[in-house]
Structures are given as C-alpha cells and as structure tokens.
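Because the structure is a prediction, the values reported are computed rather than measured. Protein chains get the first letters and strands the later ones, always in sequence-line order, with residue 1 at the start of each.
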2 protein chains.
Amino acid sequence: MPSQSAANARKSTRPAPAGRAGDIMDAALTLFAERGYLGTSMRDIASQLGMRAPSLYNHLESKQELLQDIMLRTMENLVADHQMAVATTNDVAEQLRRAMEAHVRYHARHPREVRIGNAEIWNLEQPAQDRVRKLRRDYARSWQDVINRGVDEGRFQTPSPQLASYAMLEMGIGISLWYHEGGRLSESQLAYYYGDMALRLVSAESG
Amino acid sequence: MPSQSAANARKSTRPAPAGRAGDIMDAALTLFAERGYLGTSMRDIASQLGMRAPSLYNHLESKQELLQDIMLRTMENLVADHQMAVATTNDVAEQLRRAMEAHVRYHARHPREVRIGNAEIWNLEQPAQDRVRKLRRDYARSWQDVINRGVDEGRFQTPSPQLASYAMLEMGIGISLWYHEGGRLSESQLAYYYGDMALRLVSAESG
DNA sequence: CCTACCGATCGGTAGG
DNA sequence: CCTACCGATCGGTAGG
C-alpha cells in the first residue's frame with residue numbers, strides 16, 4: 001500500500017536511468033546546468049567519473065541523446081505533476097494554488113533539469129525539440145484554462161488571463177536559479193508563499 | 001530642446017558603438033541571442049556582414065569583449081531606467097508601478113540584450129562577471145527596498161517581500177522570450193498590465 | 001579588407 | 001574499460 005502522499009508517489013513517465021548510465025546522466029545534469037550543453041565536453045563528463053571520454057559510448061549513443069533524455073523526461077514529469085494537482089479539486093482557486101505549489105516544488109526539487117530545460121531548447125535536434133515545445137504549449141494552455149475558468153466564475157480578476165499565466169509560470173522558473181535545500185526557506189514554505197502570491201496576482205479570495 | 005518623454009530621453013551610460021563596429025555589435029546581438037555565445041562563431045558573425053572572420057579583429061579585441069560590452073551596457077542602462085522611474089514619485093505604490101513599467105519596457109525593447117544577459121553570465125570572464133553580478137544585486141535590492149517600504153507603510157501585503165521582488169523581476173524576464181513589436185499587445189499595454197499585476201501581487205490599492 | 005595558417009579542442013570511431 | 005587517432009571547427013595571428 002502507498003506510504004507517500006499522492007504528489008510524491010507520482011510514477012515517472014520516463015524513469016531516470018540507474019547504474020553506470022545513471023551516474024553518467026547525473027554528471028551530465030550537473031555539468032550541463034553549470035556550464036551549458038555546448039560548454040560541457042564529453043571529456044568533462046567522463047573526467048567527473050574517473051573515466052575517459054570514449055568509454056562513455058558503451059552506455060550511450062551520443063551527447064545529444066543525453067540532452068534529449070533530460071529535456072523530455074523533465075517536461076513529461078512536470079506535466080504529470082501538474083495534471084495531478086489540478087485534478088484533485090473542483091474549486092478553481094484551490095486548483096490555481098495547487099498548480100502553483102506543484103510548479104514551485106518541481107522547480108525546487110529539480111533545479112538542474114529545469115535550468116537545462118529553459119536554456120538548451122535551441123540545442124535540441126528535431127524531432128525532440130518540437131516534442132518539448134508541444135509539451136510546453138500544453139502546460140501553458142492548462143494554466144490559462146484554470147485562470148480563464150476563474151475569471152468566468154467571477155472568482156479571479158486580471159487585466160489579461162494570458163499575461164497572468166505567463167507571469168505565474170515565469171515566477172517559478174526563477175526559483176531554479178537561487179533555491180537550494182537547507183536554505184532559509186523550506187520547500188513547503190516556498191510552495192505556500194508562491195501559492196499565496198498566485199492567488200493575489202488574480203485578486204482571488206482563497207478557497 | 002528635448003522632444004521625447006523623460007523615459008525615452010535617458011542618456012545611455014554606455015553608448016552602443018556606431019559605424020562598422022556598430023554593425024558587428026548588432027550581428028553579434030542577434031546571433032548570441034539566437035544561438036548563444038558558445039554556439040556562435042566569429043565566422044558566423046562575419047558571414048552575416050559579408051566579411052571574413054579575421055577582418056573583425058580590425059574593430060575589436062576578442063569575442064569575449066563583445067559579450068562584456070553587451071552585458072555591462074545592458075545592466076547599466078536597465079539600472080539607470082529603474083532609478084529614474086522610482087525617483088519621480090514619493091508614493092510607494094506608484095513607485096512600484098513605475099518600476100514595473102520601466103522593467104517591462106526595457107525587456108520589450110531590448111529582448112536580445114536581456115536574453116543574452118540572463119543566459120551567458122557563466123561565459124563572462126572576470127572581472128566583468130562580478131561587475132554584472134553586483135549590478136544585478138543592486139537592482140534586486142532596490143526592488144526589495146520599495147516593497148519593504150510599502151509593507152512598512154501598511155500599503156502592501158505579502159507573505160515575503162523578498163519572494164515578491166524575485167517574482168516581479170522574473171515576470172519581466174519572460175517577456176524578452178515571447179514579445180515582439182507589432183504583436184497583439186503594444187509595449188504600453190504590456191507595461192500597464194504588468195504594472196497592474198505587480199500591485200495586485202502585493203494586494204495594493206493603486207496610487 | 002583579404003588569404004593562409006596556427007595550435008587547441010571538439011564529438012566520435014577503430015580496435016582491442 | 002583503455003589508447004590511438006580521425007576530420008571538423010574553433011578563436012585568433014601573420015603578413016600584406
């Protein structure tokens with residue numbers, strides 16, 4: 001039986017690799033996030049693991065494959081968390097709060113993935129780039145749907161539902177740049193504060 | 001005599017280069033913003049101007065110099081606009097609105113510069129990188145000062161003035177990724193809507 | 001402004 | 001998992 005909360009028990013759509021391939025992925029995540037995809041060489045990744053670059057090719061096809069795995073997995077998991085958050089209530093203000101909380105928690109927990117996701121889309125080859133763009137579009141559209149419904153029901157006020165949704169998405173992305181575990185604010189505090197700010201942004205009375 | 005509004009007449013702290021050097025700077029801005037600093041070669045820049053790469057070195061010292069000029073000029077001009085915006089009123093809600101309007105207008109007018117500024121800080125060599133970081137810190141601190149004063153005066157409500165300032169800064173950055181002149185929204189509409197959202201975010205009654 | 005060219009580094013392969 | 005090595009490309013210089 002499940003021992004975790006619903007949010008934590010979410011099954012990954014695309015599981016992170018384990019074993020040696022997992023070590024390589026982890027080193028790539030750290031280095032791509034710090035120096036960028038083009039600023040990281042296969043020799044850098046191998047060196048982090050005490051290996052030589054050619055040995056990496058026993059575990060992967062190409063450097064590009066690493067980037068595609070990271071970006072597709074990240075967006076799929078973010079969307080999955082989001083859908084669970086909005087599906088667990090019918091109150092539109094509570095949906096918005098939970099969507100923001102899930103957004104913030106994902107960005108706080110996976111800062112490397114999110115930084116890469118936002119910086120490297122232009123370095124993704126097709127068709128992976130279009131798949132990631134579609135996932136982003138779907139995600140943004142779901143936020144707009146929530147805000148539009150809140151406006152229709154007279155619960156939210158905003159000069160532009162579209163701009164409000166952009167602003168909320170963007171607010172979360174910054175978190176991946178400065179948040180780190182063990183800082184002044186816990187992940188939960190962060191989630192509550194940002195949930196509160198999302199509701200204020202559309203002048204909503206909370207649930 | 002000045003024929004432009006005060007906001008438009010702001011003197012650049014660091015003027016953009018003119019003539020051939022200006023052409024090179026413009027090509028670099030476009031390419032760095034599209035493909036990134038590491039993804040752009042000196043041959044790419046030269047080719048955009050119908051030149052060969054070595055000829056560029058008659059007008060500049062190095063590729064790194066181009067990046068440093070862009071990032072320092074951008075941050076200095078953003079800070080100058082901001083200081084003018086908050087210095088023109090004593091009402092704290094109006095200060096916040098004008099700060100957001102200036103922030104939004106700068107990001108809408110200079111999308112290439114802002115995209116580079118946010119993506120390439122790790123590719124800036126010292127001491128330029130620290131100078132840009134200091135300018136960013138000063139800018140963020142000025143926003144926090146405004147919000148803190150609004151809270152002290154009982155005009156603003158927020159669970160965290162610091163997070164509110166981060167959220168507002170981040171909201172503007174996204175604009176540089178999707179806004180383009182001649183789109184559905186004019187620059188002024190954008191500025192007004194975001195100014196409104198900034199006040200809502202701290203539950204302020206407008207000035 | 002050009003051609004010719006430099007040493008360094010890149011992603012990746014051959015072969016074991 | 002390694003060494004040895006490939007062709008391509010990089011920022012930049014020499015020399016005119």
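- In this structure, B:L49 atom CG and C:dC2 atom C1' are separated by 16 Å, rounded to whole Å.
- Side-chain atoms of B:E65 come within 3.5 Å of backbone N or O of B:E61 as a donor-acceptor pair.
- Whole-Å rounding puts the B:L60 CG to C:dC1 P distance at 11 Å.
- Note on B:S55: a base of the nucleic acid sits closer than 4.0 angstrom, heavy atoms only.
- To the nearest angstrom, C1' of D:dC10 lies 16 Å from CG of B:L66.
- Looking at B:Q64 and B:L124, their side chains come closer than 4.5 Å, going by heavy atoms from C-beta outward.
- In this structure C:dG7 sits in a base pair with D:dC10, meeting the Watson-Crick or G-U test at under 3.5 Å.
- D:dC2 atom P lies 14 Å from atom OH of A:Y57, rounded to whole Å.
- For the pair B:R52 and C:dA4, the criterion of a side-chain N or O lying under 4.0 Å from OP1 or OP2 is not met.
- No cation-pi contact links A:R137 to A:W143, judged by a cut-off of 6.0 Å to the six-membered ring centre and 45° from its axis.
- Among D:dG11, D:dT3, C:dG11, the nucleotide with an atom closest to any side-chain atom of B:K63 is D:dG11.
- Atom P of nucleotide C:dC10 and atom CG of A:L56 are separated by 13 Å, given to the nearest angstrom.
- Nearer to the 5' terminus of DNA chain C, by closest-nucleotide assignment, is the contact made by B:M51 (compared with the other of A:E61 and B:M51).
- Note: CD (A:E125) to P (C:dG11) measures 13 Å, nearest angstrom.
- Nucleotide C:dG16 has D:dC1 as its partner under the Watson-Crick or G-U criteria, with both atom distances under 3.5 Å.
- Nearest to the side-chain atoms of B:R43 among the listed nucleotides D:dA14, C:dC1, C:dC5 stands C:dC5.
- Closest to the side chain of A:S41, from the set C:dC2, C:dC10, D:dA4, is C:dC10.
- Here C:dC10 presents its C1' atom at 11 Å from CG of A:L38, a figure rounded to the nearest Å.
- Here the side chain of A:H59 is nearest to one of C:dC1, D:dC1, D:dA14, namely D:dC1.
- Looking only at atom types and distance, the side chain of A:D44 has a donor-acceptor partner in the side chain of A:S41 under 3.5 Å away.
- Nearest-nucleotide mapping onto DNA chain D: of A:N58 and B:G39, the residue sitting toward the 5' end is A:N58.
- When rounded to the nearest whole Å, the span between CE of B:M42 and P of D:dG12 equals 6 Å.
- Distance alone, capped at 3.5 Å, is enough to place a donor-acceptor pair between the A:T30 side chain and the A:D26 backbone.
- Among D:dG11, C:dC2, D:dC1, the nucleotide with an atom closest to any side-chain atom of B:P54 is C:dC2.
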